[in-house]
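Down below is the structure, laid out as structure tokens.
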Amino acid sequence: LRLLTTILYSNRDAFLGLADCEVEIETIDNDVERFKLNKLKPFYEKRDKYIDNIDDFWKVVLSQNTDFANYIRASDFKYVDNITKVVVKWLIWDENSNADINVRDFSITFHFKGIEHDFPEQSITKVFKMTKMQSNKDFDDDDEAGEDNETIGVEEVLTSEPVDIEWPQSYESINPSLIEDKRSPQGKKNYRQGMKSFFGWFKWTGKKPGKEFPHGEDLASLLCDDIYPYCVKYYTEAQRDLEDEYSDSEDDNSDEEPLDLPKPEGEDEDGESDKLASKKRRV
Amino acid sequence: LRLLTTILYSNRDAFLGLADCEVEIETIDNDVERFKLNKLKPFYEKRDKYIDNIDDFWKVVLSQNTDFANYIRASDFKYVDNITKVVVKWLIWDENSNADINVRDFSITFHFKGIEHDFPEQSITKVFKMTKMQSNKDFDDDDEAGEDNETIGVEEVLTSEPVDIEWPQSYESINPSLIEDKRSPQGKKNYRQGMKSFFGWFKWTGKKPGKEFPHGEDLASLLCDDIYPYCVKYYTEAQRDLEDEYSDSEDDNSDEEPLDLPKPEGEDEDGESDKLASKKRRV
Amino acid sequence: MSLNGTHTLDELLASVLPRGHDFELLHLQDEPAQTHDIVTPMPTTQERADTLTVKIQHFFTLFHNKKAVFALEIYVYLTLSSLHNTKLIFVSKADTSGYCDIKLRMGDITKVFLQYLISVDPLHYLRKVKPLRRVNDHDESLIRKGTSVERSLRILAVRVDLSPHPCQNTDKFYITRNDVGGDTNWVTKICLFTRPADDYLFIGSSKNAKKHKLNGDQLLKWWMKIIDGLVCTDFDPNNVSARLRVPGEDTGRVSRTYLNGDLTQSNNWQVGDIFGGTGNDLAVFHVPLFPDDPKSRFIRHLVQENRIMKTNLKTYWMELQERQEFKLSVIVSVIGVEGHTKKIPDYLPNDREIFICSSRRQFRYIRSYVAGEEYDNEEGTLESYVNVRDYLELRYSKKLLKLSGTREPEIRKPVVASTTKRSAIPVTLLQPRKKAKPAK
């Protein structure tokens, strides 16, 4: 009996120890992130100075990116094309900042050039912070799991504050701040169209799901984790000489591949190995 | 005319400057990787001591992992179940190592317990290194593109050296080193079966595509980038009380989720925003 | 009308759209691309080496009152070899949104699109074809898919100095054919797979109460009427085969139920399919590989299970019916036509009626404004219109094709058969919609 107790005790300590490890790895992750961002700060400053000297750089990058296009309406591109500069800054770079700033907090700044009679030149900065929020929904398997919850019901999510941006004149009818009649079908429709436009995203908070720009946090993450770091790659992809080679992104052509038929017995084994190769690539 | 010349000159320097940035970011990535691995070394040592005290830890992790199962034959699990310990070590941890060691070079060590009359207790270590290799194939669109090539034709890939491992007795007929008759259909078939088994993977080099264990580098990467770092997560997922909560991360349950039905006109606009939510998720 | 008397797309469509109503059309065509044989050839076949198979995707969306009401996706496959030249039209998906304010004859509209594609000259597609494998000539001055970012930037730096910008000659990277050699007498084939589902292109539209859905039997009959109509109007009756197969049903029953003359006017119908083979032949050499197609999926499944060289056609059809994809007792069918058309396909689409995309990516991008939208209420159908219209205007200064209906209203006679059910259109395949994962 004592032996059993010893083994169980040993197991128990092991589980507790691993639980401590889970906490420790988060600290390590944060330290690594901090180290990385501190290296990236001077790097991005230098890189962005070069980018400033390339005409239409951001127009090319944002118009080519299909992920980005998924978030906005086609008509928004008239204004997105007028973005001359995008800058992402991580809040820990700010020397004055609180030592408790989450390494994942950041701001995105857009510089727009103007369109006469339609849209003024302006620069807008929107800040995003990781915040602990009460989780309203039941915890269930369909959650995009992976958030580290202290207790079920609280999760750390990206939130933001609404920022003012001058809307284009051509969007007057769908500008939510200008719509007086929000009750009629047409009024509601216009309101929603406005909220779904790129300009509606600047109002996004992350605290009113269903009542504001959908997936606002995903658009923010796309810009901060993907487009801003890899913008040079995306720019060069769009410069490829053969238009149908523009993108590396996942063209799933598995439907179009010929079948790997097993070779009849007696021939070399390449066919067999290759045949198994297809097996490994199971979807 | 002079003004035009200034702008063009600036563009050219900008491109060259960005080209230098591409080189620099690789150095930064390596430094970050080095920093991270140096933090992880003591962490993994501590963690693995706890893991040693949990019975069947690796058996649970490896048998539950669907990605891993894709690489090996079902009969291999009899022996995989006997793995008592897996350790990944990055080569830069070795104080004696060359300063030029690639941060991505690593070794994987498996400790097997024995099966009487079938399989001996043994520990095997296999080393993997990033190596520059001439690319033989024609470059075409079906390539899994994305490798950064200095020039078309050379790429850095994972390679390894074959290591000796004692095969199970039950695998005698398919053990490639024991097969004398490699010409007959049966002989070839046995040879191929052996090469495709988990034990065949220990011979994998990455320099003989089509003639050795298929996708050997992917199995190595799976162990080093995914299974070893996240083994505790996989273990706990497998321990969930309800069997139907055993989830692979990529179970696409979108077919099973209830639909977000929009509310009819006159009620709040939650439904509408949710509706657009799906659009954002375009394939 | 075009020079040689063939109708343009807008003329064809207008003839089946009600007079007094205006419509707009999106017609996208993908970049023609070389692809693999439609049917896996037997390993010993010599023909392989000199066969060229080209695949082209067409996507049509019809708009009325600024709303998307009908969409159709079709693949055209051209097979060129020294022995024969074939043009195969594979109907992939057709769908209505259910939000049309007026009644439309969807069957006639579908038929007209097929007639249009039947008439298109294959040479239209062969002007510029993306090959399977591109020439790898190590031309270091070109920015290609495998060119590193760093290298691309250095190339761009060099190009800045060259003024004017040299045109990169990229012709050698494409296959072009100005003639098709061999037999210019094209064989035209039509294939489709019918299976009832809630929606195919207008995802969520099944929630729309106004949208009619057909069950398997009604769907089959709906398509049979269209295809039979095409056989009669467009094919040479002495040179056409029309085939219907209903997996799970025996020949006699299929014949009695669907080919008894009530549904079909042509005499060329038989039970079977146009890819030949008898029950004992290996299925793999007689089943085509189409995108998003359950028959093809099953073939690939058999490869994975290592049964592909052991499964004959008889077993294949039997097991196909039992696949999980199909609910029990749902009627699915395979319809095929093969023959010579009455008129040689020599129509060249004009710029107004077609937007030829320069890449698959561009094609999918625009297509997704329609197919990626949600249609569980009317807003999706409005959004898709606005996005398509704005995008084409902004990026390409192109407008949707405008048409006005010319068809006189008819007095509807009471009918017995269910084939004239109004405006419902489902079709073909259930494509489970994958949610793209959020970027990590």
Side-chain angles (χ1 to χ4, degrees), chain A residues 50 54 63-64 66-67 69-70 72-78 81 144 146 189 192-193 196 215 217-219 221-222 225-227 230 232-237 239-264 267 275-276 278-279 282, chain C residues 31 33 35-37 40 43 55 130 134 142-145 147-153 155-156 168 170 173-174 284 289-293 296-297 299-300 303-304 306 308-309 358-362 364-365 368-369 372 379 382-383 386-395 436-440:
Chain A
Y50 291 125
I54 294 172
S63 59
Q64 285 296 327
T66 29
D67 292 317
N70 277 349
I72 66 177
R73 309 174 78 232
S75 55
D76 292 337
F77 274 110
K78 179 178 176 189
D81 281 356
E144 283 161 356
K189 205 149 110 184
R192 283 193 294 261
Q193 285 197 350
K196 283 188 295 196
H215 298 294
E217 72 284 359
D218 292 335
L219 176 51
S221 300
L222 176 70
D225 294 333
D226 189 354
I227 293 183
Y230 299 105
V232 176
K233 177 183 83 148
Y234 291 127
Y235 180 86
T236 55
E237 279 178 13
Q239 303 302 317
R240 287 175 180 166
D241 291 310
L242 292 167
E243 236 184 290
D244 53 30
E245 289 188 346
Y246 272 6
S247 167
D248 276 348
S249 52
E250 343 77 41
D251 277 345
D252 180 12
N253 291 324
S254 62
D255 278 354
E256 297 171 38
E257 283 174 24
L259 299 176
D260 264 328
L261 291 186
K263 297 218 174 19
E267 294 182 26
K275 173 181 75 60
L276 188 68
S278 305
K279 178 176 201 242
R282 247 182 271 167
Chain C
E31 179 195 33
T35 189
H36 303 280
D37 302 283
T40 310
K55 170 180 163 180
K130 180 185 179 200
R134 279 221 157 101
L142 289 181
I143 301 177
R144 298 288 309 282
K145 197 167 175 184
T147 312
S148 73
V149 176
E150 189 200 337
R151 173 109 206 98
S152 305
L153 290 163
I155 293 173
L156 288 170
Q168 306 301 328
T170 54
F173 294 108
Y174 293 94
V284 63
L289 298 173
F290 290 132
D292 286 346
D293 175 59
S296 314
R297 269 200 287 278
I299 288 281
R300 293 188 188 277
V303 171
Q304 272 194 359
N306 217 356
I308 192 65
M309 302 306 277
S358 50
S359 67
R360 166 88 42 99
R361 191 166 168 274
Q362 183 188 49
R364 285 185 183 173
Y365 194 110
S368 73
Y369 278 126
E379 258 188 43
L382 293 161
E383 276 290 292
V386 161
N387 281 330
V388 166
R389 178 200 64 190
D390 289 348
Y391 191 77
L392 288 177
E393 177 71 57
L394 185 67
R395 289 285 178 243
K437 300 234 165 27
K440 293 213 189 106

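In the text below, chain A, chain B and the rest are named by the order of the sequence lines, each starting its count at 1.
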Rounded to the nearest 0.5 Å, what separation is found between the OG1 atom of A/Thr236 and the CD atom of C/Glu150? 11.0 Å
Non-hydrogen atoms of C/Val386 and A/Arg73 that approach each other most closely: CG1-NH2, 3.7 Å
Rounded distance [0.5 Å steps], CZ in A/Arg192 versus CD in C/Glu383: 10.0 Å
Given a strict heavy-atom distance threshold of 4.5 Å, which part of C/Arg389 is in contact with chain A: side chain, backbone, both, or neither? neither
State, with a plain yes or no, whether a side-chain heavy atom of A/Gln64 is found less than 4.5 Å away from one of C/Arg361. yes
With a 4.5 angstrom heavy-atom cut-off, which part of C/Val284 approaches chain A: side chain, backbone, both or neither? side chain
If I measure from the heavy atoms of chain A, does C/Leu382 come under 4.5 Å with its side chain, its backbone, both, or neither? side chain
Which heavy atom of A/Asp244 sits nearest to which heavy atom of C/Ser359, and what is that distance? CA-CB, 3.5 Å
Could you report the tightest heavy-atom contact between C/Leu394 and A/Ala74, atom names first, then the distance? CD2-O, 4.0 Å
Under 30°, 30 to 60°, or over 60°: which ring-plane class applies to A/Phe77 and C/Tyr365, parallel, tilted or perpendicular? tilted
Spatial distance of atom OG1 (A/Thr66) from atom CZ (C/Arg364) [nearest 0.5 Å]: 10.5 Å
If you count heavy-atom pairs under 4.5 Å with chain A, which of C/Ser152, C/Ser296, C/Ser358, C/Ala33 comes out on top? C/Ser358
OG1 of C/Thr147 to CD of A/Glu237, rounded to nearest 0.5 Å, is 11.0 Å
For the pair A/Asp241 (side chain) and C/Ile143 (backbone), establish whether a donor and an acceptor sit closer than 3.5 Å, ignoring hydrogens and angles. yes
Are any non-hydrogen side-chain atoms of A/Glu243 and C/Glu31 less than 4.5 angstrom apart? no
Just so I know, are the side chains of A/Gln239 and C/Ile155 near enough to count as touching, which here means a heavy-atom distance under 4.5 Å? no
4.5 Å side-chain heavy-atom contact, A/Tyr235 and C/Leu156: yes
With distance as the sole test, does A/Glu245 use its side chain to make a donor-acceptor pair with the main-chain N or O of C/Lys145 at under 3.5 Å? yes
Quick one: what part of A/Asp81 sits under 4.5 Å from any heavy atom of chain C, side chain, backbone, both or neither? side chain
